[in-house]
Amino acid sequence: FDPWWMFGVKDGFDIVIGNPPYVQLQKDGGKLAKIYQAFNYKTFQRTGDIYSLFYEKGIDVLKKNGVLTFITSNSWMRTEYGEKTRHLFINNNPLLVITFEGNQVFDNAIVDSNILIIQKNINKNNTKGAKIKEIQNTLQEEVESNKVILSHLSNSEWFIGSKNEIFIKETIEKIGTPLGKWDVNINRGITTGFNEAFFIDDNKKKEFLLIDENYSEFIKPLLKGRNLNKFYTELENSNILFISWHFPLHKDNSIKGASEKAEILFKKKYSPIYNHLEKFKKELSNRNKSETGIRYEWYSMQRCAANYYEDFFKPKIFWIQLSDRNRFTYTEEEVFATNSCFMMTSNSDNISLKYLLSVLNSKLVLYYYKMIGSSSGMGTLEWTGVGTQKIPIPEIVQKLIISSFENISDFVIYLLKNKENSILSHTDNTRIASHIEDILNMMVYELYFEEHMKEVDLDVLQFVTPIIENLQQLPIEQQIKELYEWYQKPENAVRQRMMLIDTRSPDILAVIHKS
């Protein structure tokens, strides 16, 4: 784009205004990324969007004190790939940011949009921000009635909210330690490149195991996104042929690139599996052509978690990437998951995955993630590995408190996995689980807002931890029954305090609880 050649403008434009296209640079095999990488845009990210380059070029062709205003997707505000774009903005002078969260501005674009007005000048740190959920008046009136001053913008995520929302966010971040700083591993599920070849049902699995029961070493149960419920998993008729690069010589570290020797041995030693995959050889060979048959054999999975596949055999938390709510699930079974899911394992005996599970499934974490997480549009959050690592979780050292959270998790998992067999004749297990989650949410609130909850007589751990400790020697069904009956009593302090949230903490806990 040459302003002088096209328009005779030598010293820059006074105004740049527009609605640039929203196209991911990695789309269609990264065609756009390959084109624009050579142009040295500072906002370039292979995983980013072309509109970032439009922002950069637009600001570049402004004269000093000139103003750019674009309407685009607001994904740059919170995503990892938006960091360079945010850096560009704070090195100029953002005047106004309007974000339309949950409000579709364009009928043909399923994204949350934003309007940015920015001046080519030194940052005055006096940016106005407005979050518009519903337009009832003119846009100018909506901005005036919802505006806040964003005086501390940085490369980190940009959040626009009320003073109360900012206070809640800052308190959560002050009390908790980001999950990424815990001694845990967070990785993505398996990418085969062509699922039809590697995913098999139970009948096919039985067929292979009748030939050789040792095939069970690389035929494993498979979880897909729909199998991941909040707190628990549901295995169904699905398995994966876990065929690593260079299989069956996958443990030979001297092999570099696709190995003819490995294929010959695979065909000879595991001919039924080889013959099954050979039916899909054309499709498998047409996967990423820069790697298939070069870095790995045509019959191997595209991404086989070479550095962390053993984590699938450990106790773990799974979650699905795209979801309108937090759906973290726990399992100790040896199962794999697809690349629509993420997995977390612990590196330390001092870290309780069930404690983390309890907090991650809470209303508080859902409320917080809506502030910092990116959206795929239409209200669906992207629970990415990078995004989830930012969730602050309090590090608790009191074993009694951790044990209480662990037991609560066990109760909910048990109830939801046994929905068809109610432990109480007058109430189904799902309803009981919902009430126990109410207790759990109150416990999580206290982890972050202990001082506030004690000031307004809403703290609950003083009541919950003793009752759970006293029940631990009983069978799990009896523990659940007694906890539920204790909670249902009209005079129960936890129940009463939860009902008083609206009046005693209208600006903090009530806001979170209703999210």
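The shortest heavy-atom contact between Asp183 and Ser348 is OD2-CB, 3.8 Å.
With Trp319 contributing its side chain and Cys341 its backbone, the two residues share no donor-acceptor pair below 3.5 Å. Judged by distance alone, the side chain of Glu446 and the main-chain N or O of Met453 form no donor-acceptor pair under 3.5 Å. Side-chain atoms of Asn339 never come within 3.5 Å of backbone atoms of Arg188 as a donor-acceptor pair (strictly under, hydrogens ignored). Distance alone, capped at 3.5 Å, is enough to place a donor-acceptor pair between the Thr292 side chain and the Asn288 backbone. Looking at Asn441, its side chain does come within 3.5 Å of a backbone N or O of Glu437 through a donor-acceptor pair. Asn187 places no side-chain N or O within donor-acceptor distance of the main-chain N or O of Met343, the cut-off being under 3.5 Å. No donor-acceptor pair closer than 3.5 Å links the side chain of Asn239 to the backbone N or O of Ile219.
Between Lys174 and Glu170, none of the side-chain N atoms (NZ, or NE/NH1/NH2) sits under 4.0 Å from a carboxylate O, so this pair counts as no salt bridge. Looking at Glu395 and Lys181, no side-chain N of the basic residue comes within less than 4.0 Å of a carboxylate O on the acidic one, giving no salt bridge. Salt bridge annotation for Asp311-Lys316: absent, with no cationic side-chain nitrogen under 4.0 angstrom from a carboxylate oxygen. In summary, Lys42 and Glu56 do not engage in a salt bridge, as defined by a charged side-chain N under 4.0 Å from a carboxylate O. Using a cutoff of 4.0 Å between basic side-chain nitrogens and carboxylate oxygens, Lys205 and Asp202 are not scored as salt-bridged.
Taking the centre of each ring, Tyr448 and Tyr445 stay at or above the 6.0 Å mark. Within the 6.0 Å centre-distance limit, the rings of Tyr369 and Trp383 are counted as a close aromatic pair. Aromatic pair Phe247/Tyr270: ring centres closer than 6.0 Å. Within the 6.0 Å centre-distance limit, the rings of Tyr274 and Trp298 are counted as a close aromatic pair. Note: Tyr232 and Phe328 fail the aromatic proximity criterion, with ring centroids not under 6.0 Å apart.
The closest side-chain heavy-atom distance from Thr233 to Asn227 is not below 4.5 Å. The shortest distance between side-chain heavy atoms of Ser244 and Tyr309 does not fall below 4.5 Å. Put simply, the side chain of Ile393 reaches to within 4.5 Å of the side chain of Leu360, judged on heavy atoms. Inter-residue side-chain proximity for Glu450 and Leu461 is flagged as unmet; no heavy-atom pair is nearer than 4.5 Å. Annotation: side chain of Glu157 is in contact with side chain of Arg78 (closest heavy-atom distance under 4.5 Å). Counting only heavy atoms from C-beta outward, the side chains of Ile240 and Lys220 approach each other to under 4.5 Å. Annotation: side chain of Asn361 is not in contact with side chain of Val412 (no heavy-atom distance under 4.5 Å). Proximity of Ile480 to Ile436: side-chain heavy atoms (C-beta onward) are separated by under 4.5 Å at one or more points.
When Arg86, His87, Lys84 are each tested for a side chain to side chain donor-acceptor pair (under 3.5 Å) with Asn155, only one passes: His87. Asn74 pairs in a side chain to side chain donor-acceptor pair (under 3.5 Å) with only one of the listed residues (Thr99, Thr79, Asp112), which is Thr99.
Taking a 6.0 Å sphere around CD of Gln24, one finds it holds 12 or fewer heavy atoms contributed by other residues, nucleotides or ligands. Within 6.0 Å of NZ in Lys169 there are more than 12 heavy atoms belonging to other residues, nucleotides or ligands. Surrounding CD of Glu291 are more than 12 heavy atoms belonging to other residues, nucleotides or ligands, all under 6.0 Å away. Counting non-hydrogen atoms of neighbouring residues, nucleotides and ligands closer than 6.0 angstrom, the CZ atom of Phe463 exceeds 12 such neighbours.
Applying the ring pair (Phe, Tyr, Trp, His ring centres under 6.0 Å) test to Trp486 and every residue at least two apart in sequence or in another chain returns nothing. The salt bridge (charged side-chain N to carboxylate O under 4.0 Å, His left out) check on Lys514 picks up Asp502, with sequence neighbours excluded. The salt bridge (charged side-chain N to carboxylate O under 4.0 Å, His left out) search around Arg287 returns none, not counting sequence neighbours.
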Between Gln45 and Leu25, does a side chain to side chain contact (heavy atoms under 4.5 Å, CB included) hold up when you go through it step by step? CA-CA 8 Å; Gln45 284 275 74; Leu25 295 174; 5.8 Å; no
- Determine, stepwise, if the pair Ser52 / Tyr41 fulfils side-chain hydrogen bond (donor to acceptor under 3.5 Å, both in side chains). CA-CA 9 Å; Ser52 290; Tyr41 279 92; over 6 Å; no
